[in-house]
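What follows is a single structure, written as structure tokens, with notes after it.
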Amino acid sequence: MISIQNRWEVEPQPIARDVLLEKYAHGSEVNAHQIRERVATALAECERVDRRDYYRELFLDALENGFIPAGRINANAGTDLQATLLNCYVQPIGDSVAEFDADKPGIYVALSESAETLRRGGGVGYNFSALRPRGALVKSTEQRASGPLSYVEIFDRCCETIAAHGARRGAQLAVLNIEHPDIVEFINAKQQAGHLANFNMSVGVGDSFMEALHADRDVELVHRAAPGPEQITRGAHRRGDGLWVYGRMRASAIWDQIMRSTYAVAEPGVLFLDCINRENNLWYCEYIDATNPCGEQPLPPYGSCCLGSLNLTAFVREAFTRRASFNYVAFRQVIRVATRMLDNVIDITPWPVPAQQRRGLAARRIGLGITGLGDALLMLGLRYDSAAARTTAAIIAEVLRDTAYSTSSQLARERGAFPLFDAERYLQSAFIARLPAALRERIGRDGIRNSHLTSIAPAGTISLAFADNVSNGIEPAFGWRYQRAKRSEDGMRKNYIVEDYAYRRYHSGTVNSEPLPPEFVDAWHLDPLEQVRMVAAIAPYVDAGISKTVNIAADFPFVQFKSLYLHAWQSGLKGITTFRPNAVTGAVLSAPISCRQDLSQCDV
């Protein structure tokens, strides 16, 4: 069994208790231990009958010592609900109303499939680029197309209707490729408060555009659908590869539109699609042009992923002392068990759509990640923006990668490799090429159970409910003490005072008037570039994606803001999202409360 010996027992904060009971508890469950017992029992059902009791105890031990499965697993595993245990899906959409188009379902078929996925609790990402531009010819009716954004609005309303009676808000991501003729309209779609409230928006960007941007060249806005007569009159024409050119714009003009919009309202984000596909372990059998709503899972059409996070604060020994260290032995133990648990999830989850099941079983993607990085670094005496912190984070990510891949290869010997596994081509992927030679040799010999294994999700709600508000994912602490609003099932909102886990633990048994050590720096006092550098330090060890919002002060200069995105691309990141306080975008977290270290003297 796992032995961490790092217990810090304290009564959960009111918001942590309330979120746990409202979102995850069932029946007579009143605490996290009871929920973990249910989850462990459900996942052990995948094991041999004579080994189920053993694995149930092993799984429960991992859950009690740092492993937090994603929300859908905690909420639905072991219940009678026919709800998904997976958080992440990508829904393909073709350029047709109801028929299949180039192996993609028509718009209203896709709408029906996504509605079923949302109804079962999954979040959905889409790439709307196949849909013809506004004004393009619709031959069958001699009408003009309304453009992809009009259909994004339909999907938004569908999600809003499904989520109307629950406390859990629907989550969706809309992607449009940067060469689509309607890209400017898409970029500016969320300038008005409340518009497309059930969507995050991202622009899909390729290397050719970034190179045109660097060279200050024009780019062509193209689509395979024929333009309308009016557009041809204005110069639309067909080029040699069969695509129709609707217009030309200076790359810098499009980029400036993206930068100004996201500076103003935090949308759209940017996905670097060529990097995503270069790094894809299944490069030989799939193309990825979208992610799940938070960006940690680039996925192919009908792709899905089950997630879980390791709470890093659980592995810090002798926190806040000169002897503080990270328990890598226990960390590896929990990773091995968690990898097996997530593989079991794939076999017991109800699948909303048959195509998702076929793709899910063919690749067996899982996404094991980390949460509490910001707090763990504090507990180790490391400032988030220091070189030492980035080095430590990279070592943790490397251990996670190697241990998860090693465990998955062992599972392949026991259970078989994932069906799409092709040893020769799989080992050629850019990500697999960075694994240790001995591990690559093992995978070539024994196979691997899961095509992808690592992903860093936001982990916000589970970090609050199951870990007393540790810093989310790889984020630095949002603040030490702040207000947070929570929506209940009846639609009412309740405000809470929330404390960061590391801050709360640091003050346990100490004099509260003592100044905080210099490593205590929150998201709003960190250079945004240093936040991007943290992602870059970890990214080489993560096969899927990393959800990270770069928090930026309202007065941060626009010129420096633009440079963050160029730095992200030059660093080989798969995407970047930023948030700067603004009047349009709402948030459940308020600005941190002004505090003079003494909790009794905090000014709300």
Side-chain angles (χ1 to χ4, degrees), residues 1-2 20 23-89 117 120-122 304-310 333-354 356-368 404 407-419 447-453 462 465-466:
M1 293 297 178
I2 300 156
L20 181 86
K23 293 188 176 293
Y24 304 113
H26 290 274
S28 61
E29 294 170 349
V30 295
N31 56 48
H33 177 74
Q34 292 171 329
I35 295 171
R36 290 166 179 150
E37 285 186 316
R38 165 171 51 79
V39 172
T41 300
L43 299 190
E45 289 299 306
C46 290
E47 305 294 342
R48 280 175 19 198
V49 174
D50 62 333
R51 298 283 286 169
R52 285 178 185 168
D53 288 345
Y54 167 77
Y55 279 108
R56 177 189 176 280
E57 293 303 315
L58 188 65
F59 294 169
L60 179 59
D61 198 40
L63 295 172
E64 297 281 10
N65 287 283
F67 177 46
I68 313 176
R72 300 303 87 207
I73 300 171
N74 281 307
N76 300 327
T79 71
D80 294 330
L81 299 174
Q82 288 300 302
T84 180
L85 305 188
L86 312 186
N87 284 56
C88 305
Y89 294 88
T117 305
R120 299 285 191 101
S304 59
C305 188
C306 61
L307 303 175
S309 299
L310 284 304
Q333 287 179 294
V334 178
I335 293 169
R336 294 185 189 103
V337 180
T339 302
R340 188 181 191 100
M341 293 172 71
L342 291 183
D343 186 61
N344 286 1
V345 168
I346 296 171
D347 292 321
I348 68 170
T349 184
W351 295 89
V353 176
Q356 295 167 349
Q357 182 177 26
R358 290 191 295 271
R359 190 69 197 181
L361 294 177
R364 303 192 68 87
R365 269 180 170 87
I366 65 172
L368 186 57
T407 303
S408 186
S409 185
Q410 292 169 6
L411 282 172
R413 292 188 64 182
E414 176 186 341
R415 298 175 168 180
F418 68 91
I448 194 162
R449 181 66 172 168
N450 315 95
S451 69
H452 299 68
L453 286 122
I462 59 172
F466 291 94

Query raised in the report: Taking 4.0 angstrom as the limit, do Arg415 and Glu47 come out as a salt bridge?
Result: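 Counted as a salt bridge, because a side-chain N and a carboxylate O are separated by less than 4.0 Å.
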Please check this pair: side chain of [X] against backbone of [Y], looking for a donor-acceptor N/O pair closer than 3.5 Å.
X     : Y     : answer
Asn74 : Pro69 : yes
Arg38 : Ala77 : yes
Thr79 : Asn76 : yes

Report task. Might you work through the side chain to side chain contact (heavy atoms under 4.5 Å, CB included) test for Gln356 and Leu86, ending with a clear yes or no? Result -> CA-CA 11 Å; Gln356 295 167 349; Leu86 312 186; over 6 Å; no
Report task. Measure up the Tyr89 and Trp351 rings against each other and bin them: parallel (under 30°), tilted (30 to 60°), perpendicular (over 60°). Result ->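 Rings of Tyr89 and Trp351: perpendicular, over 60°.
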Of the non-hydrogen atoms in [X] and [Y], which two are nearest, and what is the gap between them?
X      : Y      : answer
Ala44  : Arg52  : O-CG, 3.2 Å
Ala362 : Phe418 : O-CD1, 3.3 Å
Pro419 : Leu361 : CD-O, 3.2 Å
Gly367 : Cys305 : N-SG, 3.4 Å
Ile346 : Gly360 : CG2-O, 4.3 Å
Gly447 : Ala417 : CA-CB, 4.3 Å

Once rounded to the nearest 0.5 Å, what's the spacing between atom [atom1] of [X] and atom [atom2] of [Y]?
X      : Y      : atom1 : atom2 : result
Ile335 : Thr407 : CD1   : OG1   : 8.0 Å
Arg365 : Leu342 : CZ    : CG    : 14.5 Å
Asn65  : Leu60  : CG    : CG    : 9.0 Å
Glu45  : Tyr55  : CD    : OH    : 14.5 Å
Gln357 : Thr349 : CD    : OG1   : 9.0 Å
Leu85  : Arg120 : CG    : CZ    : 11.0 Å

Query raised in the report: By ring-ring contact (aromatic ring centres under 6.0 Å, His included), which residues pair with Phe67, not counting sequence neighbours?
Result: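 In terms of ring-ring contact (aromatic ring centres under 6.0 Å, His included), with neighbours along the sequence ignored, Phe67 is linked to no residue.
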Query raised in the report: More than 12 non-hydrogen atoms from neighbouring residues, nucleotides or ligands closer than 6.0 Å to CG on Asp80, yes or no?
Result: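 Counting other residues, nucleotides and ligands, CG of Asp80 stays at 12 neighbours or fewer.
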**Report entry** By side-chain contact (heavy atoms from CB on, under 4.5 Å) - contacts of Asp53 (at least two apart)
**Finding:**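 By the side-chain contact (heavy atoms from CB on, under 4.5 Å) rule, Asp53 matches no residue at all.
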Report task. Apply side-chain contact (heavy atoms from CB on, under 4.5 Å) to Ser408 and list each qualifying residue two or more places apart in sequence or on a separate chain. Result ->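 side-chain contact (heavy atoms from CB on, under 4.5 Å) list for Ser408, sorted by chain: Ile448, Arg449, Asn450, Leu453.
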Report task. Please step through side chain to side chain contact (heavy atoms under 4.5 Å, CB included) for the pair Glu29 and Tyr24, ending with a clear verdict. Result -> CA-CA 9 Å; Glu29 294 170 349; Tyr24 304 113; over 6 Å; no
Requested in this report: Evaluate the side-chain proximity of Val337 to Asp61: yes if any heavy-atom separation is below 4.5 Å, no if none is.
Outcome: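 A side-chain contact is absent here, since even the closest heavy-atom pair is not under 4.5 Å.
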Query - side-chain contact (heavy atoms from CB on, under 4.5 Å) partner of Val345, the single match among Ile366, Leu307, Thr84, Leu43 - result: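 Running side-chain contact (heavy atoms from CB on, under 4.5 Å) over Ile366, Leu307, Thr84, Leu43 with Val345 returns exactly one hit, Leu43.
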Report task. Could you go through the side chain to side chain contact (heavy atoms under 4.5 Å, CB included) check for Met341 and Ile73 one step at a time? Result -> CA-CA 11 Å; Met341 293 172 71; Ile73 300 171; over 6 Å; no
Query raised in the report: Run the side chain to side chain contact (heavy atoms under 4.5 Å, CB included) check on Arg364 and Asp343 step by step: do they pass?
Result: CA-CA 7 Å; Arg364 303 192 68 87; Asp343 186 61; 3.0 Å; yes
